[in-house]
Structure formats: structure tokens, C-alpha cells
Amino acid sequence: MSDSVADRSGFLRKYMSGHPDTLVAYAKWFGKVTEPITSAEMTSIDSKGYDDVKPRLLDMKATAQEKLGMIKTPQISSFRYPIQTLGSITFMATLFYLFFTPTTGDSPYFQPAQFVHSTLGSTTIEYFTYSIGVAHLLESVYTFTLCRKHTGFLTGAAYVLNTIAFGFPIWIDLRKRIQTARIDSVMKAE
């Protein structure tokens with residue numbers, strides 16, 4: 001079975017030969033070349049899919065050029081709620097409703113939660129709530145590592161605190177924004 005990228009590697013090699021600074025950055029950073037070099041040549045490319053090549057090459061270029069100080073690490077200067085957060089808000093509101101509902105009482109507002117408590121058991125709901133809390137705390141550590149490099153203090157704090165509250169939709173959106181900003185910075189540098 002032939003590799004779709006290898007079949008097109010002639011075009012990619014030719015394309016990349018027009019970007020000698022990028023090839024030098026790849027060789028120096030990813031090849032761990034410490035002595036001065038003035039040129040590099042891409043001899044072949046292989047991968048599982050052609051569509052994965054360009055974003056990966058741009059990401060490699062951004063990483064190499066950022067680490068070598070050729071371009072600045074892009075900054076995300078604002079916080080935004082992705083649309084997927086609505087699902088997390090609904091989920092977390094339901095979870096808190098179940099968690100904080102008294103297990104006894106005649107209020108009609110608490111009857112659905114009391115039914116869930118009687119069906120699943122209060123211990124199961126507590127365990128699930130604590131597990132989600134731990135998962136969100138771990139996700140916020142990852143968000144913090146992204147923010148340390150790519151945001152200012154207030155924007156980073158907004159991302160970390162919202163990851164604690166709403167989980168993965170927040171950090172996934174941040175990661176996508178960072179990737180887009182990195183590719184944009186690489187494209188501007190050309």
C-alpha cells in the first residue's frame with residue numbers, strides 16, 4: 001500500500017525548497033544541530049495522510065522558530081466562552097442540583113433530585129461529583145501550562161478558573177486558539 005504523502009513528496013520537497021529558513025530551523029531544532037548551518041534540504045516526507053502534513057509542518061516551523069527566537073510566541077489576550085460550554089454549564093448545574101438537594105423534604109423543586117438519589121444512591125452522586133471535581137482540577141493544571149506561555153495574568157486566570165468550573169470545552173478552545181495564532185504568526189513571518 002502506497003503512502004499518500006510519499007506519493008506527493010516531490011511536490012512537498014519542491015515547495016519546502018523555497019523556504020530555506022524553515023528547513024534550517026527544522027534541522028537545527030528537531031535535528032538538535034548546534035553548530036552553525038546555512039542550508040538544509042528535505043529529501044523525503046512520509047505520513048499517514050496528506051491533509052495532516054501542512055498543519056504539522058506549520059506547527060513544527062512555529063515550534064522551531066519560537067525556540068530559536070526567530071518569532072515571538074503568540075499571545076491570547078482575551079477570554080471567550082466556546083459554544084460547547086453550554087453543555088458543560090447544563091451538566092454542572094444538574095450535578096450541583098443533585099449534589100446539594102436535601103434527601104428528605106416535600107418541596108416539589110427537589111422531588112426529581114430525590115428520585116435520582118433514591119435510584120442511584122447518595123454515595124454514587126457524591127462520588128461522581130467529587131470525580132468530576134478532581135478531573136476539572138487536573139484539566140486546570142493543563143490549562144495553566146498553556147496560559148503560562150500564551151496569555152497574560154488576567155486572561156490566564158479566566159481560563160484556569162473557568163476550566164475548574166466547566167472542564168474540557170474551555171481548554172480545548174484555548175488550545176485551538178493558540179494553534180491558530182501560532183500558524184498565523186508563522187504565515188506572517190514568511
*Asks:* Taking side-chain hydrogen bond (donor to acceptor under 3.5 Å, both in side chains) as the cut-off, I'd like each qualifying pair that reaches into residues 121-137, sequence neighbours left out, listed once.
*Replies:*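 side-chain hydrogen bond (donor to acceptor under 3.5 Å, both in side chains) check on residues 121-137 returns His117-Ser122.
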
*Asks:* Are Thr63 and Arg182 close enough, and set up right, to give a side-chain hydrogen bond (donor to acceptor under 3.5 Å, both in side chains), and what steps lead you there?
*Replies:* CA-CA 9 Å; Thr63 299; Arg182 289 180 80 211; 2.7 Å; yes

*Asks:* With clusters defined by side-chain heavy atoms of hydrophobic residues (ILVMFWY) lying less than 4.5 Å apart, directly or transitively, does Leu146 cluster with Leu137?
*Replies:*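 Cluster IDs for Leu137 and Leu146 differ.
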
*Asks:* Does Gln114, at its CD atom, have more than 12 non-hydrogen atoms belonging to other residues, nucleotides or ligands within less than 6.0 Å?
*Replies:*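 Count over threshold, so yes.
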
*Asks:* Closer than 3.5 angstrom, by distance alone: can the side chain of His150 be matched with the main-chain N or O of Thr73 as a donor-acceptor pair?
*Replies:*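 Not confirmed, His150 side chain does not pair with Thr73 backbone.
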
*Asks:* Side-chain donor-acceptor pairs under 3.5 Å in residues 101-113, sequence neighbours left out?
*Replies:*
unit_1	atom_1	unit_2	atom_2	d
Thr101	OG1	Tyr97	O	2.3
Ser107	OG	Tyr109	N	3.3

*Asks:* How long is the span from the OG1 atom in Thr90 to the CG atom in Leu95, to the nearest 0.5 Å?
*Replies:*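 With rounding to 0.5 Å, OG1 (Thr90) is 12.5 Å from CG (Leu95).
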
*Asks:* If hydrophobic clusters are built by linking Ile, Leu, Val, Met, Phe, Trp and Tyr wherever their side-chain heavy atoms come under 4.5 Å apart, do Met92 and Leu98 end up in the same one?
*Replies:*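 The answer is no; the residues belong to distinct hydrophobic clusters.
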
*Asks:* How is the hydrophobic cluster of Val24 composed, in terms of its other members, when Ile, Leu, Val, Met, Phe, Trp and Tyr link through side-chain heavy atoms under 4.5 Å apart, directly or indirectly?
*Replies:*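 Val24 clusters with Val33, Ile37.
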
*Asks:* Let me confirm one number: the OG-CD distance from Ser185 to Glu66, rounded to the nearest 0.5 Å.
*Replies:*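 Reported to 0.5 Å precision, the distance equals 6.0 Å.
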
*Asks:* If hydrophobic clusters are built by linking Ile, Leu, Val, Met, Phe, Trp and Tyr wherever their side-chain heavy atoms come under 4.5 Å apart, do Met60 and Met42 end up in the same one?
*Replies:*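 Yes, Met60 connects to Met42 through the hydrophobic network.
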
*Asks:* Checking Gln84 now: which residues fulfil side chain to side chain contact (heavy atoms under 4.5 Å, CB included) with it, not counting sequence neighbours?
*Replies:*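 Gln84: side chain to side chain contact (heavy atoms under 4.5 Å, CB included) contacts with Pro82, Pro169.
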
*Asks:* Quick check for you: to the nearest 0.5 Å, what is the distance between Leu161 atom CG and Phe144 atom CZ?
*Replies:*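 Spacing of CG (Leu161) from CZ (Phe144) equals 12.0 Å.
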
*Asks:* Under 4.5 Å between side-chain heavy atoms, chaining through other members, with only Ile, Leu, Val, Met, Phe, Trp and Tyr counted: pull out the rest of the cluster around Leu138, sorted by chain and number.
*Replies:*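 Under the 4.5 Å side-chain rule, Leu138 groups with Val134.
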
*Asks:* Indicate if Ile71 and Ile183 have the same hydrophobic cluster label, given that clusters are the connected sets of ILVMFWY residues with side-chain heavy-atom separations under 4.5 angstrom.
*Replies:*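 Yes, because Ile71 and Ile183 connect within a single hydrophobic cluster, where side-chain heavy atoms sit under 4.5 Å apart.
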
*Asks:* Enter the distance from Thr85:OG1 to Phe91:CZ here, rounded to the nearest 0.5 Å.
*Replies:*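 Here the rounded value is 14.0 Å.
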
*Asks:* Is Ile76 reachable from Val160 through a run of hydrophobic residues whose side-chain heavy atoms are each under 4.5 Å from the next?
*Replies:*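 Cluster IDs for Val160 and Ile76 differ.
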
*Asks:* Contact between Met16 and Glu41 at the side-chain level, heavy atoms closer than 4.5 Å - yes or no?
*Replies:*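 Contact flag for Met16/Glu41 side chains = no.
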
*Asks:* Let me confirm one number: the SG-CG distance from Cys147 to Leu174, rounded to the nearest 0.5 Å.
*Replies:*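 These two atoms lie 5.0 Å from each other.
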
*Asks:* Give a yes or no on this: more than 12 heavy atoms of other residues, nucleotides or ligands lie within 6.0 Å of atom CZ of Phe79.
*Replies:*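 Yes, enclosed.
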
*Asks:* Quick check: do Pro20 and Thr38 have side-chain heavy atoms less than 4.5 Å from each other?
*Replies:*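 Pro20 does not reach Thr38 side chain to side chain.
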
*Asks:* Show me the pairs that pass side-chain hydrogen bond (donor to acceptor under 3.5 Å, both in side chains) and involve residues 154-174, at least two apart or across chains.
*Replies:*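 Listed by first then second residue: Arg80-Asp173, Tyr81-Asn162, Glu139-Trp171, Thr143-Thr163, Tyr159-Arg177.
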
*Asks:* For residues Trp29 and Lys61, determine if any side-chain heavy atom of one lies less than 4.5 Å from a side-chain heavy atom of the other.
*Replies:*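 No, every pair of side-chain atoms sits at 4.5 Å or beyond.
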
*Asks:* Which value, rounded to the nearest 0.5 Å, describes the distance between Leu68 atom CG and Tyr26 atom OH?
*Replies:*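 Rounded to the nearest 0.5 Å, the CG-OH separation comes to 12.5 Å.
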
*Asks:* Any heavy-atom pair between the side chains of Asp184 and Thr180 that's under 4.5 Å?
*Replies:*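 Yes; the side chains approach each other to less than 4.5 Å.
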
